[in-house]
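First up is the structure itself, then whatever we jot down about it.
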Amino acid sequence: TCGATMAAKRAREVEEAASVKELWDKAELPVETKSGPGTGGTVDGAGADRTTLSTSGDLSVTSEGTTPSDGQKMGTSGLRKKVTEFEKGNYTPNVLQAIINTIPESRRVDRTLVVSGDGRYWSRQTLQMAVKAAAGNAIGRVWVGRGGLMSTPAVSAVIREREGGGALGGIILPASHNPGGPKGDFGVKFNVGNGGPAPDWLTAAIFEETKKVASLRRAAALPDVDIDTLGVHRFENAALNHVFEVEVIDPADDWLRIMKRCFDFEALRAFVSRGDFTFTFDGLHGVAGAYAHRLFVDELGGDPASLLHCEPKEDFGGGHPDPNLTYAPELVAAMGLGADGLPLAGTDKASFPTFGAACDGDADRNMVLGQQFFVTPSDSVAVIAANHKAIPYFAGGLGGCARSMPTSGALDRVAEAMGVPLFETPTGWKYFGNLMDSGVNGGKDYTPFLCGEESFGTGSSHIREKDGLWAVLAWLSILADRNKDVPDGDAGFVSVEDIVKAHWAEYGRHFYQRYDYEEVDSAA
């Protein structure tokens, strides 16, 4: 009901607004409301290397005629097509220009835009196109993750956190859990100033622009920038009185800063060091690999040998970067499970790791496993809600929670028992974001907010995207809390399975069925 009401409200806004600019005025949050939990965002990009890498390059702007490309309507998570489609003619620059055209000039002149993605094939080419398009449309600076890599949740974190939340938004280059490579999928999505996916009115406006885009404004002669070295590329156009910068930043710094305000890293490090705790994390050769060593090894003291497939690859190593029982077979087997989620016959349960997890291509989805035990996404968010006090971010209690319509009612039972407002939304993380920002938009404040969906997405109001690694840290926090009084090596160690089965005993067990149809022609 809430989702339908919100959708109707958005439709009325589209009808009543005098222009896209008016809607942008409503969408742009004040900087002070955008920083992460705890203290405010960094003022000066603390930790960044501001070394100037280059200052020469032709910043002159050209306007090249183009004709619209068919089929550029964005879904709930942006535009996704085969790489072969994006490679055709001006298909890629057209959608980039259409996105920029919907941003009022007053909103983009000398502002900062984040451009990065999950590293899949065609990302590097698109990133350079986006840099030239930004320079040609008076944007003042582009932040790029080193190597062009930045998880979708980290992009949201950078938009909200870096320099106090000064970015106007971000162009993200993922196709989520879809396969990559020259014959795989590619995607372009736009996130607005709150760090969340473009709202419906904006994706509709972008689609209208794609149908009439007639010229490409870009600094076509600008050399490709080195995106593999931290530092600043600075260019000037004296004739236009325009200074343009491309700053290559560490993709983890801002996101990790928020994580340290959400979780007790000291307690997590102590838990991970226990002799009776072992874990395995599978990055599926997606962008999560760029974060895994820093998080699990450097910060939490884990064993590097616990990391599987944590080298990001353009084709995800030929695999399907979807964290589920089908597409993470090595992790599933390593945890003593079959593809059906049931324990492998004739095996010793104690020989498998205590905890396992995986993330998808752009690291916004997650799968959680125990020793020979699979946690469904619907149960996962419900268990986190029931154990929220184990997570410092929720120390003062939950302000609200939500699930997507296809997700089971497990979360509903927990919310009812705790007296916490519960919402059911349409599919699409942007609808969770609407609830998270209710307080700053004149409604009731539901933060801190927890939400999840049956498609392996879990997150909170710390950013405005689902966050796979956040969910992993949430589970580690719950395990650490449940075992804080259990001596290392004691037979009373509380496992993932113990926690979930105790949850079922208290709230009941919920069942649902999900069917995935792949490579289906949407037009058919």
Side-chain angles (χ1 to χ4, degrees), residues 36-39 47 151 153-154 157 161 252-283 288-308 310 331 335 353-359 363 366-371 375 380-381 383-396 398 448 450 458-463 466-490 492-500:
T39 58
S151 72
E161 173 85 355
D253 282 350
D254 298 285
W255 174 84
L256 189 58
R257 195 174 293 113
I258 291 177
M259 292 305 102
K260 289 184 176 181
R261 297 202 296 266
C262 288
F263 302 101
D264 183 344
F265 269 55
E266 260 188 61
L268 291 176
R269 189 177 182 89
F271 176 71
V272 169
S273 71
R274 289 177 64 121
D276 55 3
F277 175 79
T278 52
F279 79 100
T280 300
F281 176 79
D282 193 340
Y291 299 78
H293 195 284
R294 173 114 176 245
L295 176 62
F296 296 120
V297 179
D298 296 347
E299 295 289 345
L300 300 184
D303 183 353
S306 301
L307 306 182
L308 295 177
C310 284
L331 172 66
M335 297 302 295
T354 313
F355 181 76
C359 287
N366 74 95
M367 176 172 66
V368 170
L369 304 169
Q371 280 177 318
V375 183
S380 181
V381 67
V383 169
I384 293 172
N387 293 273
H388 68 275
K389 290 183 179 179
I391 300 168
Y393 180 49
F394 298 130
L398 281 171
L450 174 69
T458 318
S460 78
S461 49
H462 68 289
I463 55 172
K466 50 183 173 278
D467 191 341
L469 289 171
W470 180 93
V472 174
L473 291 172
W475 267 94
L476 287 175
S477 298
I478 293 168
L479 284 166
D481 182 69
R482 288 295 190 93
N483 288 286
K484 63 187 177 185
D485 297 323
V486 180
D488 193 349
D490 190 276
F493 183 90
V494 182
S495 69
V496 169
E497 181 177 1
D498 293 333
I499 290 169
V500 175

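Since this is a predicted model, take the numbers as computed values, not measurements.
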**OP:** State which residues pass ring pair (Phe, Tyr, Trp, His ring centres under 6.0 Å) with Phe296; sequence neighbours excluded, sorted by chain then number.
**Re:** Phe279, Phe281

Subject >> For Lys484, all residues meeting salt bridge (Lys or Arg N to Asp or Glu O under 4.0 Å), sequence neighbours excluded >> reply: Asp481

Subject >> Point-to-point distance, once rounded to the nearest 0.5 Å, from CG of Leu398 to NE2 of His388 >> reply: 4.5 Å

**OP:** Would you confirm whether Asn483, through its side chain, and Leu479, through its main-chain N or O, come within 3.5 Å as a donor-acceptor pair?
**Re:** yes

Subject >> By side chain to side chain contact (heavy atoms under 4.5 Å, CB included) - contacts of Lys389 (at least two apart) >> reply: none

Original post:
Judged by atom type as modelled, is there a donor-acceptor pair below 3.5 Å linking the side chain of Asp488 to the main-chain atoms of Gly275?
Top reply: yes

**OP:** Report the distance from atom CG of Leu300 to atom OG of Ser273, rounding to the nearest 0.5 Å.
**Re:** 10.5 Å

**OP:** Quick one: list whatever passes salt bridge (Lys or Arg N to Asp or Glu O under 4.0 Å) with Arg274, sequence neighbours left out.
**Re:** Asp276

Original post:
Which atoms form the tightest heavy-atom contact between Ala474 and Ile391, and what is the distance?
Top reply: CB-CD1, 3.7 Å

Subject >> Asp264 (side chain) donor-acceptor with Ala267 (main chain) under 3.5 angstrom >> reply: yes

Original post:
Does the side chain of Thr354 reach to within under 4.5 Å of the side chain of Val496, using non-hydrogen atoms?
Top reply: no

Subject >> Pairing residues for Ala157 by the side chain to side chain contact (heavy atoms under 4.5 Å, CB included) criterion, not counting sequence neighbours >> reply: Trp255, Ile258, Ile463

Original post:
Who pairs with Ser380 by side-chain hydrogen bond (donor to acceptor under 3.5 Å, both in side chains), at least two apart in sequence or on another chain?
Top reply: Trp475

Subject >> Residue list, ring pair (Phe, Tyr, Trp, His ring centres under 6.0 Å) with Phe271, at least two apart or on another chain >> reply: Phe277

Subject >> Close side-chain approach of Ile499 to Val494, heavy-atom, < 4.5 Å >> reply: yes

Subject >> Check: Ser151 main-chain N/O paired with Tyr291 side-chain donor or acceptor under 3.5 Å >> reply: yes

**OP:** Evaluate the side-chain proximity of Leu473 to Leu268: yes if any heavy-atom separation is below 4.5 Å, no if none is.
**Re:** yes

**OP:** Report the residues that fulfil salt bridge (Lys or Arg N to Asp or Glu O under 4.0 Å) with Arg294, sequence neighbours left out, ordered by chain and then residue number.
**Re:** Asp250, Asp253

**OP:** Using the side-chain contact (heavy atoms from CB on, under 4.5 Å) rule, take Ile384 and Thr458 through it: C-alpha gap first, then chi angles, then the decisive distance, then the call.
**Re:** CA-CA 10 Å; Ile384 293 172; Thr458 318; 4.0 Å; yes

Subject >> Single hit among Lys260, Arg269, His293 for side-chain hydrogen bond (donor to acceptor under 3.5 Å, both in side chains) with Glu299 >> reply: Lys260

Original post:
Does the pair Arg482 and Asn387 meet the rule for a side-chain contact (heavy atoms from CB on, under 4.5 Å), with working shown?
Top reply: CA-CA 9 Å; Arg482 288 295 190 93; Asn387 293 273; 3.0 Å; yes

**OP:** Could I get the full list of side chain to side chain contact (heavy atoms under 4.5 Å, CB included) partners for Pro353, not counting sequence neighbours?
**Re:** Thr278, Thr280, Met335

**OP:** Please list, chain by chain and in numerical order, all residues satisfying side-chain hydrogen bond (donor to acceptor under 3.5 Å, both in side chains) with Asp498, sequence neighbours excluded.
**Re:** Ser495

Original post:
Can you check side-chain contact (heavy atoms from CB on, under 4.5 Å) on Glu161 and Arg261, steps first, answer last?
Top reply: CA-CA 12 Å; Glu161 173 85 355; Arg261 297 202 296 266; 2.9 Å; yes

Original post:
Sequence neighbours excluded, which residues qualify as side chain to side chain contact (heavy atoms under 4.5 Å, CB included) partners of Asp485?
Top reply: none

**OP:** Kindly determine whether Met259 and Leu469 satisfy side-chain contact (heavy atoms from CB on, under 4.5 Å), including the steps that lead there.
**Re:** CA-CA 9 Å; Met259 292 305 102; Leu469 289 171; over 6 Å; no

Subject >> Phe394 side chain reached by Leu450 side chain, heavy atoms, under 4.5 Å >> reply: yes

Subject >> Any residue meeting ring pair (Phe, Tyr, Trp, His ring centres under 6.0 Å) with Phe263, in chain and number order, not counting sequence neighbours >> reply: Trp470

Original post:
What heavy-atom pair brings Ala288 and Cys359 nearest, and what distance separates the two atoms?
Top reply: CB-CB, 3.8 Å

Original post:
Do Met367 and Leu331 have side chains that get closer than 4.5 Å, going by heavy atoms?
Top reply: yes

Original post:
Taking all non-hydrogen atoms of both residues, which atom of Pro153 and which atom of Ala363 are closest, and how far apart?
Top reply: CG-O, 3.5 Å

